[in-house]
Amino acid sequence: MSEKKVRVRFAPSPTGPLHIGGMRTAIFNYLFAKKHGGDFILRIEDTDQNRYVEGAEDYIIKSLKWLGIEPNEGVGKGGEFGPYRQSDRKDIYQKYAEQLIESGHAYYAFDTPTELEEMRERLKAEKNPIQQYNAVTRVVMNNSLTLNSSEVSKKLSDNTPYVIRLKLPEDENITFKDVVLGNFTFHSSQLDDKILFKSDGMPTYHLANVVDDYLMKITHVIRGSEWTNSTPSHVLLYRYFGWEDSMPAFAHMPLLLKPDGKGKLSKRDGDRLGFPVFPLEWTNPETQEVSSGYREAGYFPEAFLNFLVLLGWNPGTEQEVFSKEELVQIFSIDRIGKSGSKFDQEKAKWFNHYYLQQKSTQEICTLFIPILEEKGIDINPSNLANIIELVKERATFISDLWPLSHYLFVAPTEYDDKVIKKRWKEDTPQLLEGIIDVISSLKTFDAATLESEIKMHIEMKELNMGQVLNGLRLTLVGSAQGPSVFEIISLLTAEESVKRIRRGIQSIKII
RNA sequence: GGUCCGUUCGUCUAGUCAGGUCAGGACGCCAGGUUUUCAUCCUGGUAACACGGGUUCGAAUCCCGUACGGACUACCA
């Protein structure tokens, strides 16, 4: 076995925050690399200077880190195949573009944007289904194939803006195998002479991507399926460079779709639909507009990762909850589905609820304390642990804990009208006086004792439970929610409970 | 318009390559149980092979067509 070491790259453009589709691509790349004991490389593809957004690169690194994805090499990490930011590799690309010109597989093109536009308009008017710069149309354009060599050298020495285009064959089938989608055949007449090198001196994605993947010894290209149609051009580049033997395997992943209908998920959908599409909160540096993030919404990274990995992939078993380590063990690229998936916020919440329940009470306390501090609540740790024990099973997010438990910290100041109407009767105050007596007389003060004593009292008086306990809950909590009243009383202490019951008796009026 | 791709419960999906279990699981939803309440939890239920042809004893599975959806079609990635 002389299998090459697996090396994959995640190669986002720093044009803004990474959305969850990009995160999923990163996760799949990472899992695949780890599964095979390989390297995961972070490369920043910033060849479009116009779209560069300040802070985006940092955002990408932070997002990966939040999920526990640490690149083996790349921007912010280093490595022997660097630099890993394409703008720092500018010189490399020019050399390769020129090499292609020398070998006759690329050419200079001097057409202005206007001329290109006219060409497309003309083809459109002729009802030509293909409106591209290709083997047919290039013969009437301004390029080093139609101009004689002295005209070309003159233009070059005049600094006439030019691009370098890939010279596609006129009549050739290009085939490649995609690990996810299967075999593809494209006919060269359907492709265009892609620009490899732009007039601003930067390469396009197509060139930079192929050159870097080759130089960085990438073995598997796992990327979004929006790249499928340009893959044949990339295949040709490998061929023309003479790198076909080390061409990586391609795996194009289906896209994440809008939850409510049509099209691929976009950055706008989040705010429109009321859920985050970004892992972390993002503030647009130009407009100061804030987009919400999963982290800030209260999702745990492990829940978010678990949820995301199941979008378009499954292990083929009925298991749905996985740790990252487990995923590394069982991940397999050929279990990636072919069709796009919408995501379901309800399921994301379910995962978060599940992961929250797996956490220790101590851990949950630690996460909850900042919220309490913000509310100005002072609490002793052992009491807090008891409170968390009591309410955590109801919580999906840490932020649910306060609405679920506030009455255990602060006495109710108002009482739910609906509950008053339904549960507060003429004899309620009198019945509660009886409960005060029971509470006050107890020597051991735990939930079990409270329950048996209060129940005994109710039975002796020949009352029914609902009659007494609902009113009791109202005075303690202010509403008709929460765990067992006996648990509540025992946490509240006798003194506080009696105080609340008295206050309720005084201030609640029959409706 | 052209090229390429896809289509199983409302959603994520198993099953398709090697045709033959009342098409399985999860989320959601509904019902019942537990509970003094609200949740949680437990049990059960609802619900899908896009459509039309063909091949076959037999098709979700293979073939063709149609519809619908998606991606690409920039000196953006």
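Below, chain A is the first sequence line, B the second, and so on; all start at residue 1. In this text the structure is predicted, and so the values were computed from the model without any measurement. Atom set for the values below is all heavy atoms of this structure, side chains included, hydrogens, waters and symmetry mates excluded.
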**Study point:** OH (A/Tyr52) with more than 12 external heavy atoms under 6.0 Å
**Key:**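 Yes, the 6.0 Å shell around OH holds more than 12 heavy atoms from other groups.
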
Exercise for review: For A/Lys124, look at atom NZ and say whether over 12 heavy atoms of other residues, nucleotides or ligands are found less than 6.0 Å away.
Suggested key: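 Not buried by this count: 12 neighbours or fewer within 6.0 Å.
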
Please list each protein N or O that sits under 3.5 Å from an N or O in nucleotides 18-22 of chain B, with the distance.
none

Mind calculating the distance between [atom1] ([X]) and [atom2] ([N]) to the nearest angstrom?
{"X": "A/His353", "N": "B/A26", "atom1": "NE2", "atom2": "P", "value": "17 Å"}
{"X": "A/Gln319", "N": "B/A14", "atom1": "CD", "atom2": "P", "value": "15 Å"}
{"X": "A/Leu404", "N": "B/A39", "atom1": "CG", "atom2": "P", "value": "12 Å"}
{"X": "A/His187", "N": "B/C72", "atom1": "NE2", "atom2": "P", "value": "23 Å"}
{"X": "A/Glu487", "N": "B/C38", "atom1": "CD", "atom2": "C1'", "value": "16 Å"}
{"X": "A/Glu226", "N": "B/C72", "atom1": "CD", "atom2": "C1'", "value": "10 Å"}
{"X": "A/Phe351", "N": "B/G28", "atom1": "CZ", "atom2": "P", "value": "11 Å"}
{"X": "A/His234", "N": "B/A77", "atom1": "NE2", "atom2": "C1'", "value": "10 Å"}

Ring centres under 6.0 angstrom apart ([X], [Y]):
{"X": "A/Phe397", "Y": "A/Tyr299", "result": "yes"}
{"X": "A/Phe275", "Y": "A/Tyr294", "result": "no"}
{"X": "A/Tyr415", "Y": "A/Trp424", "result": "no"}
{"X": "A/Phe184", "Y": "A/Phe176", "result": "yes"}

Check your understanding: Regarding A/Arg165 and the six-membered ring of A/Tyr133, is the cationic atom NZ or CZ under 6.0 Å from the ring centre and inside 45° of its axis?
Key -> yes

Check your understanding: Does NZ or CZ of A/Lys155 lie under 6.0 Å from the centre of the six-membered ring of A/Phe110, at an angle within 45° of the ring axis?
Key ->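 Output yes; distance and angle both within limits.
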
From the set [options], return the single nucleotide nearest to any side-chain atom of [X].
{"X": "A/Arg120", "options": "B/A74, B/U11, B/A39", "value": "B/A74"}
{"X": "A/Glu318", "options": "B/A71, B/A77, B/G24", "value": "B/G24"}
{"X": "A/Asn314", "options": "B/U13, B/U11, B/C75", "value": "B/U13"}
{"X": "A/Lys347", "options": "B/C75, B/C76, B/C12", "value": "B/C12"}

Check this one for me: any side-chain N or O of [X] less than 4.0 Å away from OP1 or OP2 of [N]?
{"X": "A/Ser225", "N": "B/C72", "result": "no"}
{"X": "A/Lys264", "N": "B/C72", "result": "yes"}
{"X": "A/Arg223", "N": "B/A71", "result": "no"}

Does [X] come within less than 4.0 Å of [Y], counting only side-chain N to carboxylate O?
{"X": "A/Lys359", "Y": "A/Glu302", "answer": "yes"}
{"X": "A/Arg122", "Y": "A/Glu118", "answer": "no"}
{"X": "A/Lys194", "Y": "A/Asp192", "answer": "yes"}

**Study point:** Annotated protein contacts, base or backbone, on nucleotides 42-52 of chain B with a non-hydrogen cut-off under 4.0 Å, one of B, S, - each
**Key:** -----------

Exercise for review: Heavy atoms under 4.0 Å is the rule here; annotate nucleotides 29-37 of chain B 5' to 3' with B where the base is hit, S where only the sugar-phosphate is, and - elsewhere.
Suggested key: -------BB

[X] side chain to [Y] main-chain N or O, any donor-acceptor pair under 3.5 Å?
{"X": "A/Thr137", "Y": "A/Gln132", "answer": "yes"}
{"X": "A/Ser405", "Y": "A/Leu408", "answer": "no"}
{"X": "A/Ser144", "Y": "A/Tyr108", "answer": "yes"}
{"X": "A/Asn314", "Y": "A/Leu310", "answer": "no"}
{"X": "A/Asn352", "Y": "A/Phe300", "answer": "yes"}
{"X": "A/Asn306", "Y": "A/Glu320", "answer": "yes"}
{"X": "A/Arg473", "Y": "A/Pro483", "answer": "yes"}

Hunt down the Watson-Crick or G-U wobble partner of [N], both distances under 3.5 Å, from any strand shown, or write none.
{"N": "B/C51", "result": "B/G65"}
{"N": "B/U40", "result": "none"}
{"N": "B/A59", "result": "none"}
{"N": "B/A23", "result": "none"}
{"N": "B/C29", "result": "B/G45"}
{"N": "B/C72", "result": "B/G2"}

For nucleotides 61-65 of chain B, print each protein N/O atom paired with a nucleotide N/O atom at under 3.5 Å, atom names and distance only.
none

Which pairs, protein N/O on one side and nucleotides 1-8 of chain B N/O on the other, fall under 3.5 Å?
| unit_1 | atom_1 | unit_2 | atom_2 | d |
| --- | --- | --- | --- | --- |
| B/G1 | N2 | A/Pro129 | O | 3.1 |
| B/G2 | O2' | A/Gln190 | OE1 | 3.4 |

Hey, does [X] reach any base, or is it just sugar-phosphate, or nothing, if we go heavy atoms under 4.0 Å?
{"X": "A/Lys392", "answer": "nothing"}
{"X": "A/Leu472", "answer": "nothing"}
{"X": "A/Asp46", "answer": "nothing"}
{"X": "A/Gly312", "answer": "sugar-phosphate"}

Check your understanding: Taking atom CD1 of A/Ile439 and atom CG of A/Leu472, what is their separation to the nearest 0.5 Å?
Key ->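 Between A/Ile439 CD1 and A/Leu472 CG, I get 6.0 Å after rounding to 0.5 Å.
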
Point to revise | Shortest non-hydrogen contact from A/Leu237 toward A/His206 | key: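 Minimum heavy-atom contact is CD1-O, 3.6 Å.
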
Exercise for review: Please name the pair of heavy atoms, one in A/Met465 and one in A/Glu459, separated by the smallest distance, quoted to 0.1 Å.
Suggested key: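 Heavy atoms only, the tightest pair is CE-OE2, 4.1 Å.
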
Exercise for review: Quote, to the nearest angstrom, the P distance that separates B/A59 from B/G1.
Suggested key: 35 Å

Practice item. Please measure how far the C1' atom in B/C30 lies from the corresponding atom in B/U73, and state the result in whole Å. Key: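 Roughly 48 Å separates the two C1' atoms.
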
Exercise for review: Please list, by residue number, the residues of residues 9-18 of chain A whose heavy atoms come closer than 4.0 Å to an atom of RNA chain B; answer none if no residue qualifies.
Suggested key: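 Under 4.0 Å from RNA chain B: A/Ser13.
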
